[in-house]
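Below is one structure; the comments refer to it alone.
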Amino acid sequence: MAEIKRFNAYHRVLHVAMAVSFIGLVASGMPLKYANAPWAAWLMRLLGGYYAAGLIHRICAVITFGYFAAHIGYVIYDIAIVRKFRFNIIGPDSMVPWLKDLEDIYHSFRWFFGVGPRPQFDHFTYWEKFDYWAVFWGVGMIGVSGLFLWFPEFFGRFMPGWAFNIATVIHSDEALLAAGFIFTIHYFNTHLRPEKFPMDPVIFSGRLTLHELQHDRPLEYQRLVDENRLEQYLTGPQQTWITDAGILFGFAIVLIGFFLLILIVMGQFLY
Amino acid sequence: MKQLTLLFLLSCFLLPSPAAAKDSCYDCHGQKGMKQYVDKSAFEQSAHGHLSCTKCHFDVSGYPHGKVSKVNCGACHFIGTEGAPKEQARQYKLSVHNRVTAVGNAALPTCQTCHGSHYIYPSADTRSSTNRQKIPALCSQCHPREFEVYKNSIHGKQLLEDNNPAAPTCFQCHLEHLTPPTASNAWQLALIKQCGNCHSEELKTYRKTYHGKVTELGYVTVAKCADCHGSHDILMLNDPDSTLSQKNILKTCQKCHPAATPGFTKFYAHAEEKDRAKYPVLYYTFLFMTVLLLGTFAFFFTHTFLWAYRSLKERMNKKGGE
């Protein structure tokens with residue numbers, strides 16, 4: 001079966017860096033947020049104590065800033081050098097939301113209620129774009145507030161001390177939003193929904209099957225056929241060990257995420 | 001009858017009853033001016049008033065007696081089988097006061113140093129040497145510098161000048177019998193809760209900050225109540241000499257944050273995001289975040305559940321059709 005290139009090695013490596021650092025940040029941050037939960041001291045000890053957890057948190061923060069910068073650099077490189085500025089910011093290959101996304105949301109809900117057909121998607125669906133931009137918002141909000149809390153004496157020179165109280169609320173609630181979203185909605189949308197269950201390996205293998213392209217992204221398929229570009233994207237299957245290792249990694253991350261989610265729900269509602 | 005009387009007299013002579021023995025002790029020690037004078041009526045009203053002298057002074061058996069050794073309270077209060085309270089002595093055995101006694105510092109306090117000997121009353125009794133009004137002066141016998149600082153603190157003034165029954169004495173923090181070493185982590189963390197027994201709102205809001213959360217998890221390296229407010233020297237916030245007054249607060253923050261600047265000190269160490277009047281920016285930030293979270297989760301959970309329902313239904317229909 002022919003396969004279609006979707007993510008290159010750079011994308012896939014950044015996604016793994018993102019998944020690992022995100023789990024590290026959540027696990028080392030939540031004992032503080034839910035310090036009164038009975039599991040908090042246990043999790044803190046598991047991570048090596050308060051000092052070690054703080055170190056893990058900061059190392060993962062640096063990885064986060066790293067993949068974020070690496071991605072921005074890639075986007076600039078891709079648009080300026082590879083595409084030589086021949087790129088439609090508003091178009092099917094762009095992450096920028098357009099009117100069709102709103103129409104797709106509307107038609108998706110019609111499909112959910114059984115009063116219309118499933119909308120036809122192109123290269124990026126609206127929920128994929130939401131996930132993508134949510135990272136910008138999240139890294140921005142959590143990253144900036146986190147830097148304030150990391151270097152309070154430095155930032156205290158430019159802003160009043162109560163900015164750290166504001167930063168604490170933003171950091172903590174935004175982290176809850178991010179963890180709650182990733183461990184439920186992102187997991188379901190990409191991996192756990194019946195069409196992909198139990199895991200969509202595309203982010204690890206980088207490849208879609210031709211059938212998946214025709215079925216999940218018919219507009220893109222049609223576009224590639226019409227423009228005679230499908231050949232460019234055809235490729236052989238990924239090396240088995242890469243896909244297998246990816247799936248194993250994916251399962252581990254999903255399971256750890258679910259475990260942390262249970263603790264978060266307990267911390268949020270029980271104590 | 002004659003025989004019975006004889007037996008009675010004989011028993012009085014051979015086995016003196018406690019009351020009789022006590023009375024005979026008072027023959028000498030009940031006389032004012034006598035060395036080791038004991039005020040009979042004051043003793044009899046004390047916690048041990050029902051006991052015979054020889055219960056404690058068991059090395060005395062008659063008159064004249066030789067040198068009397070120091071009473072060992074532990075004979076009843078540490079071992080003993082007669083139901084005397086033992087918890088206090090057990091705690092004392094673990095305390096710094098006793099630990100240093102064990103290495104031979106004769107200046108360290110034993111039971112009698114604080115409780116006295118013959119006139120031991122329940123601490124609620126004003127005659128008791130451990131009555132709360134007298135506690136700071138009692139400890140000052142060995143800790144005079146701490147007493148000088150404490151008596152000018154808000155707690156000291158409340159206790160010694162205003163007779164406030166809720167004001168903490170030395171004991172509330174240092175735990176009279178257990179007196180743990182002040183370097184003990186467990187004690188420093190327990191103290192936070194102790195402060196919160198009276199200052200409950202402050203404890204609640206402290207627990208919302210980084211400082212309060214780290215200490216709640218059992219680590220002492222961040223600011224605890226006394227690190228900012230002081231301990232023996234604690235004063236009202238509006239007192240210019242308070243560690244947190246305009247004049248002193250920067251120095252206090254700099255104990256842990258050496259590069260802190262005046263702006264840094266505007267941190268709310270007791271933030272309450274639900275108090276709109278006092279912390280408006282914090283309140284509206286919290287409100288915005290709450291709406292953002294509820295809105296995002298509400299939309300996407302609805303989306304996800306409907307999607308799951310539709311997908312499952314379509315797949316079941318397909319299977320049914322095959």
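Chain A is the first sequence line, chain B the second, and so forth, proteins listed ahead of strands; every chain is numbered from 1.
Between A:F112 and B:Y309, the ring centre distance reaches or exceeds 6.0 Å. If you look at A:F130 and B:H303, their ring centroids are not closer than 6.0 Å.
Here the OG1 atom belonging to B:T304 is positioned 5.0 Å from the CG atom belonging to A:N189, to the nearest 0.5 angstrom. The CZ atom of A:F109 sits 13.0 Å away from the CZ atom of B:R310 when rounded to the nearest 0.5 Å. Note that OH of B:Y284 and CD1 of A:I166 are 12.5 Å apart. Values are rounded to the nearest 0.5 Å. To the nearest 0.5 Å, atom OG1 of residue B:T261 and atom CZ of residue A:R157 are 7.5 Å apart. Between atom OG1 of residue B:T221 and atom OH of residue A:Y51 there is a gap of 10.5 Å, rounded to the nearest 0.5 Å. Note that CZ of A:F155 is 13.0 Å distant from CZ of B:F264, once rounded to the nearest 0.5 Å.
Scanning all heavy atoms of the two residues, the minimum distance from B:E216 to A:A35 falls at CG-O, 3.8 Å.
The side-chain heavy atoms of B:F267 and A:N165, taken from C-beta on, include a pair separated by under 4.5 Å. In this structure the side chain of A:T168 never reaches within 4.5 angstrom of the side chain of B:T209, judged on heavy atoms. Between A:T184 and B:F301, the closest side-chain pair of non-hydrogen atoms falls below 4.5 Å. Considering only heavy atoms from C-beta on, A:N36 stays 4.5 Å or farther from B:K213 through its side chain. You'll find the side chain of A:L149 stays beyond 4.5 Å of the side chain of B:Y210, heavy atoms only.
The number of heavy atoms from other shown groups lying within 6.0 Å of NZ (B:K193) does not exceed 12. Environment of NZ in B:K313: sparse, with no more than 12 heavy atoms of neighbouring residues, nucleotides or ligands closer than 6.0 Å. More than 12 heavy atoms of other residues, nucleotides or ligands shown are found within 6.0 angstrom of OH on A:Y271. Within 6.0 Å of CE on B:M236 lie no more than 12 heavy atoms contributed by other residues, nucleotides or ligands. For A:Y132, the OH atom sits in a packed shell: over 12 heavy atoms of surrounding residues, nucleotides or ligands are nearer than 6.0 Å. Open room surrounds NZ on B:K251; 12 or fewer heavy atoms of other groups in view lie less than 6.0 Å from it.
With a 4.5 Å cut-off on non-hydrogen atoms, B:P262 does not touch chain A at all. Looking at B:S311, the atoms closer than 4.5 Å to chain A (heavy atoms on both sides) sit in the backbone and in the side chain alike. Residue A:W127 touches chain B through its side chain alone, counting heavy-atom pairs closer than 4.5 Å.
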Subject >> Criterion side-chain contact (heavy atoms from CB on, under 4.5 Å) on A:W42 and B:L217, from CA distance to verdict >> reply: CA-CA 9 Å; A:W42 169 81; B:L217 290 170; over 6 Å; no

Original post:
Passes side-chain contact (heavy atoms from CB on, under 4.5 Å), A:H186 versus B:F300? Steps please.
Top reply: CA-CA 10 Å; A:H186 173 72; B:F300 277 100; over 6 Å; no

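By the 30° and 60° cut-offs, the orientation of the rings of B:Y219 relative to A:Y50 is tilted. Ring pair A:F188/B:W307 is perpendicular by interplanar angle, where above 60° counts as perpendicular and below 30° as parallel.
Of the residues listed (A:D173, A:L176, A:L177), the one engaging B:M289 in a side-chain contact (heavy atoms from CB on, under 4.5 Å) is A:D173, and it is the only one.
Interface remark: of the candidates A:F154, A:Y34, A:F164, A:F164 forms the most heavy-atom pairs closer than 4.5 Å to chain B.
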